[in-house]
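This report refers to the structure that appears directly beneath it.
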Amino acid sequence: EVQLVESGGALVQAGESLRLSCAASGFTDGVPYAIAWFRQAPGKEREGLSCIGTNDGSTHYADSVKGRFTISINNAKNMVYLQMNSLKPEDAAVYYCAGRMGIVVTTLAPSFYDYWGQGTQVTVSS
């Protein structure tokens, strides 16, 4: 069974950095997959942030986080990370990891992904 588990959420001050992790399990070894990060703040729609493919390492970023956030992958550990720098109060949200096996494209459309984690809370104080 495919599972995605996020971790690393915390309470931080504006300007600080934080790294989120997404542990993937249940994917067929050797089969490429795509992983993306989303976030959702109270009262707001889900927002796609970044995605990466295991096949070639291609990445894509939303304008809202471009230049501040970096997605990376450790294929040997089946781990995907989101490094978040220069955090702002506007970044506070529940952050989700999403995945799709076999078909890898750099898209932030939620409907593309069929596996989702439970979310991890990020709070940024001023």
Side-chain angles (χ1 to χ4, degrees):
E1 180 178 352
V2 173
Q3 287 188 304
L4 300 174
V5 181
E6 306 95 333
S7 62
L11 169 63
V12 299
Q13 293 186 325
E16 294 184 337
S17 298
L18 195 64
R19 188 181 75 165
L20 305 181
S21 300
C22 175
S25 62
F27 286 86
T28 302
D29 191 41
V31 177
Y33 60 93
I35 296 290
W37 286 97
F38 294 80
R39 69 185 180 190
Q40 188 165 22
K44 302 187 69 176
E45 294 293 317
R46 186 180 301 167
E47 178 186 15
L49 305 175
S50 184
C51 57
I52 189 169
T54 64
N55 57 337
D56 61 0
S58 298
T59 61
H60 178 69
Y61 295 91
D63 289 340
S64 60
V65 302
K66 193 175 301 180
R68 293 191 300 125
F69 290 10
T70 302
I71 192 169
S72 62
I73 187 168
N74 185 326
N75 280 306
K77 299 290 186 181
N78 296 124
M79 296 286 290
V80 178
Y81 307 98
L82 185 67
Q83 178 67 43
M84 306 184 295
N85 297 327
S86 302
L87 284 165
K88 307 173 182 179
E90 307 92 89
D91 294 319
V94 176
Y95 284 69
Y96 297 91
C97 180
R100 173 77 179 263
M101 183 171 63
I103 303 174
V104 180
V105 295
T106 53
T107 180
L108 295 177
S111 61
F112 175 78
Y113 300 93
D114 50 7
Y115 299 105
W116 292 81
Q118 84 291 342
T120 185
Q121 177 72 54
V122 174
T123 304
V124 185
S125 64
S126 59

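Just so it is clear, the values below take in all heavy atoms, side chains as well, and ignore hydrogens, waters and symmetry mates. Fair warning: this is a prediction, and the values are worked out from it, not measured in the lab.
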Can you tell me how far apart CD (Q121) and CG (L11) are? Round to the nearest 0.5 Å.
9.5 Å
Does the Lys NZ or Arg CZ of R46 fall within the cation-pi geometry relative to W116 - under 6.0 Å from the ring centre and within 45° of the axis?
yes
Taking the side chain as C-beta and beyond, is there a heavy-atom pair between T70 and Y61 under 4.5 Å?
yes
From N55 CG over to I103 CD1, what is the distance, rounded to the nearest 0.5 angstrom?
12.0 Å
May I ask you to check whether R19 and Y81 show a side-chain donor-acceptor distance below 3.5 Å?
no
Rounded at 0.5 Å granularity, tell me how far CG in L4 sits from OG in S25.
7.5 Å
Shared ILVMFWY cluster between L108 and Y96, side chains joined below 4.5 angstrom?
no
Would you say T54 and N75 are linked by a side-chain donor-acceptor pair, where the criterion is simply a distance under 3.5 Å?
no
Should L20 and V122 count as side-chain neighbours, where that means a heavy-atom distance under 4.5 Å?
yes
Students often mix this up, so state it plainly: with edges at 30° and 60°, are the rings of Y113 and F38 parallel, tilted or perpendicular?
perpendicular
R68 side chain near D91 side chain, heavy-atom distance below 4.5 Å:
yes
When every non-hydrogen atom of E6 is compared with those of C97, the smallest separation belongs to OE2-N, 2.7 Å
Does the salt bridge (Lys or Arg N to Asp or Glu O under 4.0 Å) test come out yes or no for D63 and K66, once each step is laid out?
CA-CA 5 Å; D63 289 340; K66 193 175 301 180; 3.1 Å; yes
Is any side-chain heavy atom of M101 closer than 4.5 Å to one of T28?
yes
So CG of L87 and OG of S125: to nearest 0.5 Å the spacing works out to 10.5 Å
Just by distance, do the side chain of E16 and the backbone of S86 share a donor-acceptor pair under 3.5 Å?
no
Examine V104 and Y115 and state if one hydrophobic cluster contains both, with Ile, Leu, Val, Met, Phe, Trp and Tyr joined whenever side-chain heavy atoms are less than 4.5 Å apart.
no
What's the verdict on side chain to side chain contact (heavy atoms under 4.5 Å, CB included) for N85 and F69, showing C-alpha distance, side-chain angles and the deciding distance?
CA-CA 6 Å; N85 297 327; F69 290 10; over 6 Å; no
V12, W37: one ILVMFWY side-chain cluster at the under-4.5 Å cut-off?
yes
Of all heavy-atom pairs linking A14 and S126, the shortest is CB-CA, 4.3 Å
Does the side chain of R39 come within less than 4.5 Å of S64's, by heavy atoms?
yes
If you apply the rule side chain to side chain contact (heavy atoms under 4.5 Å, CB included), what do you find for F27 with V2, and how did you get there?
CA-CA 6 Å; F27 286 86; V2 173; 3.3 Å; yes
Check whether any side-chain heavy atom of T120 sits under 4.5 Å from a side-chain heavy atom of S7, and report yes or no.
no
I need the minimum non-hydrogen distance between A93 and A41, along with the two atoms involved.
CB-N, 3.8 Å
For the CD atom of Q40 and the OH atom of Y95, what is their distance to the nearest 0.5 Å?
12.0 Å
Out of curiosity, I52 CD1 to C22 SG, how far, rounded to the nearest 0.5 Å?
11.5 Å
When you compare the side chain of V80 with that of S21, does any pair of heavy atoms fall below 4.5 Å?
no
State, with a plain yes or no, whether a side-chain heavy atom of Q118 is found less than 4.5 Å away from one of V5.
yes
